[in-house]
Amino acid sequence: FSTSYLKIYWRSFLLAVFSTLGCLLIGFPTAYYIATRPPAQRNIWLFLITLPFWSNLLVRTFAVLLVLRDQGLINDGLIMLNIVETPVNLLYTDFAIGVGLLYSFLPFMVLPLYASLEKIDFRMVEAGFDLYANRMKVLSRIIIPLAKPGIIAGSILVFIPGLGAYI
């Protein structure tokens with residue numbers, strides 16, 4: 001037994017939690033936006049969400065690598081805007097791993113959230129506004145409780161593979 005294993009497990013756990021929370025923070029507004037579009041537009045948005053699944057995970061991971069490398073999109077933009085003078089080392093960090101996990105598993109969060117949000121009777125949301133609730137109250141007392149099954153399902157679908165995919 002070595003303590004190095006515990007460190008690796010702890011790091012894997014933290015990265016899975018980070019990717020789950022990140023997917024929830026990005027996926028919830030995305031799913032809400034899709035759910036509030038007219039039905040004809042929803043199909044287009046869902047197509048765009050599922051489009052990355054048409055390529056291999058290795059290809060998607062390589063795309064993230066090209067964005068985060070020293071001569072990648074982010075570093076070139078930072079240098080062009082004179083924010084930094086030399087490239088920032090983004091690759092092979094916990095941040096890069098978290099971004100890769102987030103990019104890989106975001107559709108796993110958006111789709112269950114969308115399915116849950118689509119079923120909401122938005123007359124209740126309108127009633128909340130009619131009763132002078134502000135946006136945060138409507139979100140916290142109406143939308144999130146009704147979307148809780150999608151939040152739980154999406155979190156499980158992201159956390160468990162994220163825990164195993166850290167390798």
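Within the 4.5 Å cutoff, no side-chain heavy atoms of F108 are placed close to those of P161. D94 is not listed as a side-chain neighbour of L14, based on a closest heavy-atom distance of 4.5 Å or more. Contact annotation: the side chain of L117 approaches that of I143 to within less than 4.5 Å [non-hydrogen atoms, C-beta and beyond].
A distance-only check finds a donor-acceptor pair linking the side chain of N75 to the backbone of R69 [under 3.5 Å]. Judged purely by atom type and a 3.5 angstrom limit, S116 has no side-chain atom pairing as donor or acceptor with the backbone of L113.
Few gaps surround CZ on R37; more than 12 heavy atoms of other groups in view lie less than 6.0 Å from it. Shown here is F13, whose CZ atom has no more than 12 heavy atoms of other residues, nucleotides or ligands within 6.0 Å. When the shell of 6.0 Å around OH of Y9 is examined, it contains 12 or fewer heavy atoms from other residues, nucleotides or ligands.
Taking both residues in full, the closest heavy atoms of G98 and F18 are given as CA-CE2, 3.5 Å, listed atom of the first, atom of the second, then distance. Across all their heavy atoms, R60 and S55 have their closest contact at CG-OG, 3.3 Å. Minimum heavy-atom separation, D76 to Q71: OD2-O, 3.1 Å. In this structure, P149 and P145 approach most closely via the heavy-atom pair CD-O, 4.4 Å. Shortest non-hydrogen contact noted between G162 and F105 is CA-CE1, 3.7 Å.
Under the 4.5 Å side-chain heavy-atom criterion for grouping Ile, Leu, Val, Met, Phe, Trp and Tyr, I97 is not connected to L73 through any hydrophobic cluster. I34 is connected to L48 through a chain of hydrophobic side-chain contacts under 4.5 Å among Ile, Leu, Val, Met, Phe, Trp and Tyr, so both are in one cluster. Taken together through direct or relayed side-chain contacts under 4.5 Å among Ile, Leu, Val, Met, Phe, Trp and Tyr, L25 and L101 form parts of separate hydrophobic clusters. Linking ILVMFWY side-chain heavy atoms closer than 4.5 Å, directly or via other members, places L106 and F47 in a single hydrophobic cluster. V99 and L66 end up in the same hydrophobic cluster when Ile, Leu, Val, Met, Phe, Trp and Tyr side chains are linked at under 4.5 Å.
The structure places CD1 of I151 at 13.0 Å from OG1 of T20, a figure rounded to the nearest 0.5 Å. Taken to the nearest 0.5 Å, the CD atom of Q41 stands 11.5 Å off from the CG atom of L46. Taking OG of S4 as the reference point, atom CZ of R11 lies at 12.0 Å (rounded to 0.5 Å). I160 CD1 to S155 OG: the interatomic distance, rounded to the nearest 0.5 Å, is 10.5 Å. The distance from atom CZ of F122 to atom CD1 of I142, rounded to the nearest 0.5 Å, is 11.0 Å.
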>> Let's go through I49 and T30 carefully: what are the C-alpha distance in whole Å and the side-chain angles of both, what is the deciding distance for side chain to side chain contact (heavy atoms under 4.5 Å, CB included) to 0.1 Å, and is it a yes or a no?
In response: CA-CA 10 Å; I49 292 294; T30 304; 4.0 Å; yes

> Can you list the steps and then say if L102 with V158 is a side chain to side chain contact (heavy atoms under 4.5 Å, CB included)?
Replying inline: CA-CA 9 Å; L102 186 87; V158 171; over 6 Å; no

> Can F159 and L163 be said to form a side chain to side chain contact (heavy atoms under 4.5 Å, CB included), step by step?
Replying inline: CA-CA 6 Å; F159 180 76; L163 194 58; 4.1 Å; yes

>> Using the rule given for side chain to side chain contact (heavy atoms under 4.5 Å, CB included), can you reason through L65 versus T61, listing the C-alpha separation, both sets of side-chain angles and the distance that settles it, and then say yes or no?
In response: CA-CA 6 Å; L65 184 92; T61 303; 5.9 Å; no

Determine all donor-acceptor pairs shorter than 3.5 Å in which one atom belongs to a side chain in residues 78-93; sequence neighbours excluded.
from: T93; atom 1: OG1; to: L90; atom 2: O; distance (Å): 2.7
from: T93; atom 1: OG1; to: F95; atom 2: N; distance (Å): 3.4
from: T93; atom 1: OG1; to: A96; atom 2: N; distance (Å): 3.2

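Using the six-membered ring where Trp is involved, Y32 and F28 have ring planes that are parallel, under 30° apart on the 30 and 60° scheme.
In this structure D121 satisfies the side-chain hydrogen bond (donor to acceptor under 3.5 Å, both in side chains) test together with R123, sequence neighbours excluded.
Between W45 and Y114, the gap from one ring centroid to the other reaches at least 6.0 Å.
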